[in-house]
K.L.:
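Encoded as structure tokens, here's the structure I'll be asking about.
Not measured: the values here are computed from a predicted model. Naming: A, B, ... by sequence-line order, numbering from 1 per chain.
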Number of protein chains: 2
Amino acid sequence: MEKKNVKEIAKLAGVSTATISRVINNNPNVKESTRQHVLEIVNKYGFKPDRLAKNLRTKKSYTLLVLIPTVENPYFAEIIRGINEKVYNTKYEVIIGTVEHKRNSMEIFLDLLKTNQIDGAIFVSSSIDKSQLINIKDKKNIVLCNEYIEGMDISYVCINNLLASYEATKKLIESGCKNLCYLAGRKKSISSEKRKLGFQKCLDEYDITSSAEHVIYGPNSIESGYESMKKIHDSNIKFDGILVNSDLKAAGVIQYLKQKDFKIGEDVKLICFDGTFVSEIITPKITTINQPGYIIGQKSLELLVNQLEDSECDFQSIIVEHEIKKGETL
Amino acid sequence: MEKKNVKEIAKLAGVSTATISRVINNNPNVKESTRQHVLEIVNKYGFKPDRLAKNLRTKKSYTLLVLIPTVENPYFAEIIRGINEKVYNTKYEVIIGTVEHKRNSMEIFLDLLKTNQIDGAIFVSSSIDKSQLINIKDKKNIVLCNEYIEGMDISYVCINNLLASYEATKKLIESGCKNLCYLAGRKKSISSEKRKLGFQKCLDEYDITSSAEHVIYGPNSIESGYESMKKIHDSNIKFDGILVNSDLKAAGVIQYLKQKDFKIGEDVKLICFDGTFVSEIITPKITTINQPGYIIGQKSLELLVNQLEDSECDFQSIIVEHEIKKGETL
DNA sequence: CTGAAAGCGCTTACAG
DNA sequence: CTGAAAGCGCTTACAG
């Protein structure tokens with residue numbers, strides 16, 4: 001059966017294309033009997049209006065972009081689950097983009113926006129370039145997720161990174177750690193920097209001096225965790241407490257420590273961010289700062305849709321609760 | 001700066017919209033000096049043609065859908081990496097869709113296709129309904145990945161599941177296992193069924209009888225692995241060798257076995273499919289049948305693009321090499 | 001309540 | 001080599 005367009009359906013139903021369009025878009029100004037008749041034909045031929053034409057005409061795509069750094073990290077899976085769950089009740093559709101192998105995330109977004117392919121975007125843990133963001137007049141079509149830029153009119157959803165990091169560091173210190181390290185994310189990540197501040201604040205309060213070497217930057221991968229730990233160890237830096245920026249990275253750290261026969265949880269205590277299944281399947285189970293990705297995803301989507309639908313809607317920053325999930329590494 | 005359209009750019013450049021279009025689309029029939037001039041204006045205003053209008057006009061969207069069951073399983077990340085890598089050199093763009101929370105995968109695809117939003121799709125490990133597929137006249141715009149349907153004109157890329165499973169089972173038997181179980185995927189999954197056949201074929205050859213209870217179906221999740229293992233144990237089924245349909249599921253199996261103090265690798269040997277980082281970070285490291293997701297992704301994309309571009313191109317089935325990666329569970 | 005007609009922003013035969 | 005004009009498939013004021 002060939003694909004039909006409005007014109008053909010209109011002819012088949014013996015009405016104008018305007019009427020078909022009205023019925024399809026639930027315009028109330030249609031006689032009930034006409035509506036029924038049209039619906040019959042529409043269903044009979046399985047007619048679906050061409051989205052391209054529709055979007056072109058209405059200047060809305062009802063498509064949102066979710067940009068994640070990589071699909072490799074299960075933490076993003078939780079966020080996407082939350083987003084998918086909520087988007088289901090809206091008129092919008094979501095497409096997922098990954099930044100790996102591509103040019104700058106901001107460019108992808110701007111291109112898609114310029115060419116009218118999307119109405120808005122959620123940037124998940126994306127290292128946003130502040131300078132690029134400034135050029136966008138209206139930031140109502142963006143929501144940042146896990147990241148934020150202060151002093152700018154832009155909405156975001158995340159945990160209180162500074163506090164979470166402070167609390168975790170405190171736990172390490174109170175359980176006896178004296179030599180602490182923080183395995184940070186990339187330097188550009190504002191969340192990671194906030195966590196560094198919380199870490200340092202706590203060290204200051206307890207009068208523990210940490211030299212610059214105790215913070216090591218790197219991507220949130222297993223390999224990077226392994227390498228960072230090796231680097232610390234090879235440099236003969238003393239350590240008995242480690243704060244790690246992600247589950248995945250912590251997995252690499254544990255790999256290294258086990259290989260070198262450290263007694264994890266005793267000689268070395270460890271706590272990390274995220275709280276995905278990775279922290280649970282590893283032996284020993286990792287004590288982790290759970291970020292409720294599912295909720296973060298849901299809230300991000302709600303926020304974005306509200307901003308797109310309601311021009312009065314103001315920028316919001318939503319802080320969701322984190323929680324320390326006890327494992328065997330602390 | 002307001003968004004400009006061809007008409008405005010044409011006026012600015014002092015040429016017709018046709019010429020702008022020709023320059024943008026690299027049509028050779030443009031005087032070099034005109035081209036240069038137009039390009040200058042185009043770049044000056046950062047003009048990008050509206051994709052909706054372009055696609056509507058050309059009846060091509062140059063967008064491909066990659067449908068995965070869930071973003072939770074890192075194995076799919078590898079496939080997506082492969083796809084992304086290859087798509088970069090083509091005119092196409094890829095959007096990722098997940099089936100969780102949604103109606104039937106086939107419907108999503110058909111809808112997007114009907115409404116001209118995509119040109120084709122790669123179904124990754126999707127449980128395709130054969131009956132629905134039959135209704136599609138031309139299956140050139142589909143490539144199956146990890147799954148396949150036999151006796152139908154449709155391309156696919158996967159490992160030799162029967163053989164891989166046979167080999168793994170053989171390894172279990174040759175290392176002394178006498179009571180074997182297979183923790184299968186969903187019943188609808190043809191790959192999983194092929195693996196079952198390989199498993200059974202091997203048991204037959206070694207004259208080991210396996211009753212129906214030794215194959216347990218369930219989704220590829222940690223929870224399902226844990227529950228299946230518990231079920232087997234609770235039923236007092238004897239087992240000393242387990243073949244598992246995925247890394248993630250094996251993680252759950254190991255969780256259960258450790259909890260019950262089995263000596264994994266000794267009392268119980270285990271081998272699973274996939275070969276993601278999950279099999280490496282778990283203690284003990286899992287012996288796994290590595291499926292080269294990255295390559296599978298690359299090949300799938302190449303195949304799909306070839307089929308879309310070249311109407312002469314015939315259906316193909318590509319079998320990629322698997323490899324058993326030794327861990328500590330066998 | 002309904003239809004004729006314009007127009008969204010492109011591309012592409014067609015004519016020159 | 002270039003432009004005027006048609007048309008992709010919709011939706012939506014406008015008129016009745």
Side-chain angles (χ1 to χ4, degrees), chain A residues 2-39 41-42 45-63 91 93 111-119, chain B residues 2-39 41-42 45-63 91 93 111-119:
Chain A
E2 266 311 289
K3 217 186 285 183
K4 300 230 179 301
N5 61 24
V6 242
K7 225 168 148 183
E8 294 164 315
I9 295 293
K11 185 177 251 175
L12 251 13
V15 297
S16 72
T17 60
T19 298
I20 302 291
S21 177
R22 287 193 189 99
V23 170
I24 290 204
N25 295 296
N26 296 314
N27 183 319
N29 302 325
V30 181
K31 212 199 326 176
E32 190 49 31
S33 62
T34 314
R35 174 184 309 281
Q36 290 308 330
H37 174 60
V38 167
L39 243 28
I41 303 289
V42 163
Y45 292 93
F47 172 66
K48 297 249 175 189
D50 183 313
R51 268 292 281 270
L52 301 173
K54 178 178 183 150
N55 295 349
L56 175 60
R57 181 58 228 247
T58 57
K59 303 268 90 194
K60 280 277 276 179
S61 71
Y62 286 108
T63 301
K91 293 178 281 191
E93 281 181 12
D111 269 15
L112 288 172
L113 199 67
K114 262 189 195 165
T115 57
N116 290 323
Q117 290 180 92
I118 56 168
D119 290 346
Chain B
E2 265 313 286
K3 216 184 285 183
K4 300 228 179 304
N5 62 25
V6 241
K7 226 169 148 184
E8 294 164 315
I9 294 292
K11 186 178 250 176
L12 251 14
V15 298
S16 73
T17 60
T19 298
I20 302 291
S21 177
R22 287 194 190 98
V23 170
I24 290 203
N25 294 296
N26 297 314
N27 183 320
N29 303 325
V30 181
K31 213 201 320 177
E32 190 49 30
S33 62
T34 315
R35 174 185 307 283
Q36 290 308 328
H37 174 59
V38 166
L39 242 29
I41 303 287
V42 163
Y45 292 94
F47 172 66
K48 298 250 173 186
D50 183 311
R51 269 292 282 269
L52 301 174
K54 179 180 180 146
N55 295 348
L56 174 60
R57 182 55 228 249
T58 58
K59 304 268 92 192
K60 280 278 276 179
S61 71
Y62 286 109
T63 301
K91 294 178 278 191
E93 282 180 13
D111 269 14
L112 288 172
L113 200 67
K114 261 190 196 166
T115 57
N116 289 323
Q117 289 181 93
I118 57 168
D119 289 347

K.L.:
Under 4.0 Å between any heavy atoms, over every strand shown, what does A:N29 touch: base, sugar-phosphate, or nothing? Just pick one.
P.N.:
base
K.L.:
Quickly work out the B:E32 CD to D:dT2 P distance and round it to whole Å.
P.N.:
11 Å
K.L.:
Can you list the steps and then say if A:R22 with A:V15 is a side chain to side chain contact (heavy atoms under 4.5 Å, CB included)?
P.N.:
CA-CA 11 Å; A:R22 287 193 189 99; A:V15 297; over 6 Å; no
K.L.:
What is the distance, to the nearest angstrom, from the CD atom on B:Q117 to the P atom on D:dG9?
P.N.:
15 Å
K.L.:
To the nearest Å, give me how far apart CG (B:L56) and P (D:dG7) are.
P.N.:
14 Å
K.L.:
Tabulate atom names and distances for all N/O pairs under 3.5 angstrom spanning the protein and nucleotides 12-16 of chain D.
P.N.:
{"unit_1": "D:dT12", "atom_1": "O4'", "unit_2": "A:R57", "atom_2": "NH2", "d": "3.3"}
{"unit_1": "D:dA13", "atom_1": "N6", "unit_2": "A:R22", "atom_2": "NH2", "d": "3.3"}

K.L.:
Name the residue closer to the 5' end of DNA chain D, choosing between B:S16 and B:N116 according to the nucleotide with the nearest heavy atom.
P.N.:
B:S16
K.L.:
Grab the two heavy atoms, one from A:L52 and one from B:L56, that are nearest each other, plus how far apart they are.
P.N.:
CD1-N, 3.9 Å
K.L.:
Do A:R35 and A:E32 sit within salt-bridge range, that is, some charged N less than 4.0 Å from a carboxylate O?
P.N.:
yes
K.L.:
For C:dG9, does OP1 or OP2 lie under 4.0 Å from any side-chain N or O of A:K59?
P.N.:
yes
K.L.:
Below the 4.0 Å mark, does C:dT11 have OP1 or OP2 next to a side-chain nitrogen or oxygen of B:K54?
P.N.:
yes
K.L.:
Please report, rounded to the nearest Å, how far the C1' atom of C:dC10 is from the NZ atom of B:K60.
P.N.:
17 Å
K.L.:
Could you give the CG-to-P distance, from A:N5 to D:dT11, as a whole number of Å?
P.N.:
12 Å
K.L.:
Suppose we define a pair by two distances each less than 3.5 Å, Watson-Crick or G-U wobble; what does D:dA15 pair with here?
P.N.:
C:dT2
K.L.:
Donor-acceptor check, side chain of A:S61 to backbone of A:N55, threshold 3.5 angstrom: yes or no?
P.N.:
no
K.L.:
What heavy-atom pair brings A:T115 and B:P49 nearest, and what distance separates the two atoms?
P.N.:
CG2-O, 3.4 Å
K.L.:
Would you call B:K59 and A:D50 a salt bridge, taking side-chain N to carboxylate O under 4.0 Å as the test?
P.N.:
yes
K.L.:
Considering only the P atoms, how many Å lie between C:dC1 and C:dA5, rounded to the nearest integer?
P.N.:
24 Å
K.L.:
Can you measure A:K7 atom NZ to C:dA4 atom P for me and round it to whole angstrom units?
P.N.:
12 Å
K.L.:
Write down the distance between NZ (A:K4) and P (D:dC10), rounded to a whole number of angstrom.
P.N.:
12 Å
K.L.:
Let me know the distance between CD of B:E8 and C1' of C:dC8, rounded to the nearest Å.
P.N.:
13 Å
K.L.:
Give the intermediate values and the outcome of side chain to side chain contact (heavy atoms under 4.5 Å, CB included) for residues B:T17 and B:S21.
P.N.:
CA-CA 6 Å; B:T17 60; B:S21 177; over 6 Å; no
K.L.:
C:dT2, C:dC10, D:dG9: which one has an atom nearest the side-chain heavy atoms of A:D50?
P.N.:
D:dG9
